[in-house]
Amino acid sequence: MLQPSPPEICQVLMYGEFMVTGSMKVRCSLILTETELTVQKISPALGGRGKVVYYLSDCVGCRAYRSHDSTDVGAYFSAYFYPLRTRWMRSGVARQRVEQCFRVAPDQNPSVNLQEAQRWSRAIRDRVLHQRQQKTGAIKVEVKRPLMFLILLNPHSGKGHAHALFNGNVQGMLQDAGIQHTLIITERQNHARELVRDADLSQWDALVIMSGDGLLFEVVNGLMEREDWEEAIQTPLGVLPGGSGNALAASIHHYSG
Ligand SMILES: Nc1ncnc2c1ncn2[C@@H]1O[C@H](COP(=O)(O)OP(=O)(O)OP(=O)(O)O)[C@@H](O)[C@H]1O
């Protein structure tokens with residue numbers, strides 16, 4: 001007879017108690033494991049959900065900061081998640097942004113509080129990176145912060161909405177993930193190709209194309225036309241759907257789960 005497998009026990013890496021900021025100020029315990037961040041309400045006891053589990057595989061970033069109010073000795077750290085959720089009034093699921101912000105104020109010294117917020121923020125980011133490396137099988141690399149992306153956007157691709165989609169959806173995610181970027185709006189055919197062919201690629205951690213397959217094709221050609229093409233073609237490439245067909249973006253999305 002098959003025995004039910006015992007529940008997986010995840011080791012607690014960090015524990016803390018903080019105020020969760022937002023519309024309702026509540027005191028919560030926070031538990032970080034290898035795969036999850038669990039927020040458990042301590043007080044006030046009544047109302048709302050008592051415990052929420054966030055999966056680190058849904059987390060894109062975390063940052064620590066001081067308040068704008070110089071009289072506030074507390075420091076803060078915010079974690080940004082994009083979990084799959086049922087769409088309001090529509091069928092299916094979609095990723096929706098959730099920000100969880102915690103206030104750290106056990107000390108009267110703001111620097112001590114900031115150090116503690118930074119310790120949490122770093123630990124969450126490290127676990128997120130570790131999760132991603134496990135999922136993709138990527139080799140562990142030292143991540144230099146902040147990452148720099150060059151984003152090439154064709155304003156005429158698809159229905160001509162790529163720029164608005166970038167401003168409405170992508171820019172905020174890049175900020176949440178702590179990624180700096182330079183946005184270049186392509187002005188004509190072969191603009192991206194020439195730019196990538198002549199650029200100093202050492203300043204970018206990734207090239208991202210927001211368009212259809214045509215612009216991506218141009219960028220790959222630009223990389224292959226360089227003298228250092230063998231190294232240049234190793235540059236991580238990203239594609240955000242902004243065209244009409246978006247065949248490659250759809251395939252990557254499908255096969256990456
Ligand atoms: N500003 C621009 N004006 C005119 N053409 C451009 C501009 N920027 C890029 N292009 C060219 O437009 C071509 C088509 O772009 P792209 O394939 O990205 O969009 P699409 O055809 O709308 O999308 P899909 O390939 O998904 O159908 C590209 O080959 C590119 O060279």
Side-chain angles (χ1 to χ4, degrees), residues 57-58 60-61 80-97 132 135-138 143 146-257:
S57 52
D58 292 331
V60 299
Y80 308 98
F81 298 87
Y82 285 80
L84 280 171
R85 293 204 166 153
T86 311
R87 285 195 279 200
W88 177 244
M89 303 284 279
R90 288 167 74 185
S91 61
V93 289
R95 292 205 177 267
Q96 286 168 35
R97 183 180 186 273
R132 216 167 286 156
K135 189 180 171 204
T136 59
V143 176
L147 289 173
M148 289 289 292
F149 285 8
L150 173 65
I151 302 180
L152 297 151
L153 183 149
N154 176 359
H156 302 300
S157 63
K159 292 183 178 149
H161 295 159
H163 203 175
L165 283 169
F166 178 83
N167 289 336
N169 298 302
V170 180
Q171 210 167 23
M173 280 189 219
L174 290 169
Q175 202 177 335
D176 289 349
I179 295 169
Q180 293 189 357
H181 68 276
T182 295
L183 175 67
I184 293 187
I185 312 285
T186 56
E187 290 164 10
R188 57 189 158 76
Q189 195 167 26
N190 283 326
H191 183 182
R193 183 180 186 152
E194 290 157 17
L195 204 137
V196 164
R197 190 175 56 207
D198 304 329
D200 168 13
L201 294 179
S202 66
Q203 57 185 314
W204 313 113
D205 297 296
L207 303 178
V208 179
I209 291 95
M210 184 146 186
S211 187
D213 291 353
L215 200 68
L216 180 70
F217 184 68
E218 263 194 27
V219 167
V220 171
N221 275 313
L223 292 173
M224 294 303 287
E225 283 163 5
R226 294 170 64 102
E227 274 186 18
D228 64 346
W229 66 270
E230 278 174 296
E231 193 187 336
I233 201 66
Q234 309 283 337
T235 311
L237 288 180
V239 53
L240 295 167
S244 36
N246 304 308
L248 187 73
S251 303
I252 293 172
H253 180 64
H254 177 79
Y255 286 106
S256 64

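All values reported here derive from a predicted model rather than from experimental measurement. Every number for a ligand or one of its atoms is a count from 1 in the order of the listing.
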In Å, rounded to the nearest 0.5 Å, how long is the span from [atom1] of [X] to [atom2] of [Y]?
{"X": "Glu194", "Y": "Glu225", "atom1": "CD", "atom2": "CD", "answer": "9.0 Å"}
{"X": "Asn167", "Y": "His161", "atom1": "CG", "atom2": "NE2", "answer": "13.0 Å"}
{"X": "His163", "Y": "His156", "atom1": "NE2", "atom2": "NE2", "answer": "12.0 Å"}
{"X": "Leu152", "Y": "Leu216", "atom1": "CG", "atom2": "CG", "answer": "10.5 Å"}
{"X": "Ile233", "Y": "Leu201", "atom1": "CD1", "atom2": "CG", "answer": "10.0 Å"}

Practice task
Report yes if the side chains of Val208 and Val170 come closer than 4.5 Å at any heavy-atom pair, otherwise no.
Solution key: no
Exercise for the section: From the options Asn154, Leu248, Leu153, select the one whose nearest heavy atom is closest to atom 15 (O) of ligand 1. Expected result: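 Answer by nearest heavy atom: Asn154.
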Handout entry: Minimum non-hydrogen distance to atom 18 (O) of ligand 1, winning option of Ala250, Ser211, Gly242, Gly245
Key =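 Answer by nearest heavy atom: Ser211.
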Practice task
For Glu231, look at atom CD and say whether over 12 heavy atoms of other residues, nucleotides or ligands are found less than 6.0 Å away.
Solution key: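 It does not: Glu231 CD has 12 such atoms or fewer within range.
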Exercise for the section: Tell me, yes or no, whether the heavy-atom count around Phe217 atom CZ, taken from other residues, nucleotides or ligands under 6.0 Å, exceeds 12. Expected result: no
Exercise for the section: Using the test side-chain contact (heavy atoms from CB on, under 4.5 Å), find all partners of Asn246 that sit at least two apart in sequence or belong to another chain. Expected result: Pro241, Ala249
May I ask you to check if ligand 1 and [X] share an N or O to N or O distance below 3.5 Å?
{"X": "Gly212", "answer": "yes"}
{"X": "Pro155", "answer": "no"}
{"X": "Ser157", "answer": "no"}

Problem - Ligand-side contact atoms (ligand 1) for residue partner Asn246, heavy atom cut-off under 4.0 Å - result: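 Atoms satisfying the 4.0 Å criterion: 26 (O).
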So which heavy atom in the protein is nearest [atom], and how far is it from that ligand atom?
{"atom": "atom 3 (N) of ligand 1", "value": "His156 CD2, 3.3 Å"}
{"atom": "atom 17 (O) of ligand 1", "value": "Gly214 N, 2.7 Å"}
{"atom": "atom 25 (O) of ligand 1", "value": "Asp213 N, 3.2 Å"}
{"atom": "atom 30 (C) of ligand 1", "value": "Glu218 OE2, 3.3 Å"}
{"atom": "atom 22 (O) of ligand 1", "value": "Gly158 N, 2.6 Å"}
{"atom": "atom 23 (O) of ligand 1", "value": "Ser244 N, 3.2 Å"}
{"atom": "atom 1 (N) of ligand 1", "value": "Thr186 O, 2.8 Å"}

Completion exercise
So for Gln189 against ligand 1, with non-hydrogen atoms under 4.0 Å, the contacting part is both
Practice task
Work out whether the distance between some heavy atom of His191 and some atom of ligand 1 is less than 4.0 Å.
Solution key: no
Handout entry: Donor-acceptor contact below 3.5 Å, side chain Thr235 vs main chain Ala206
Key =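 Such a contact is absent between Thr235 side chain and Ala206 backbone.
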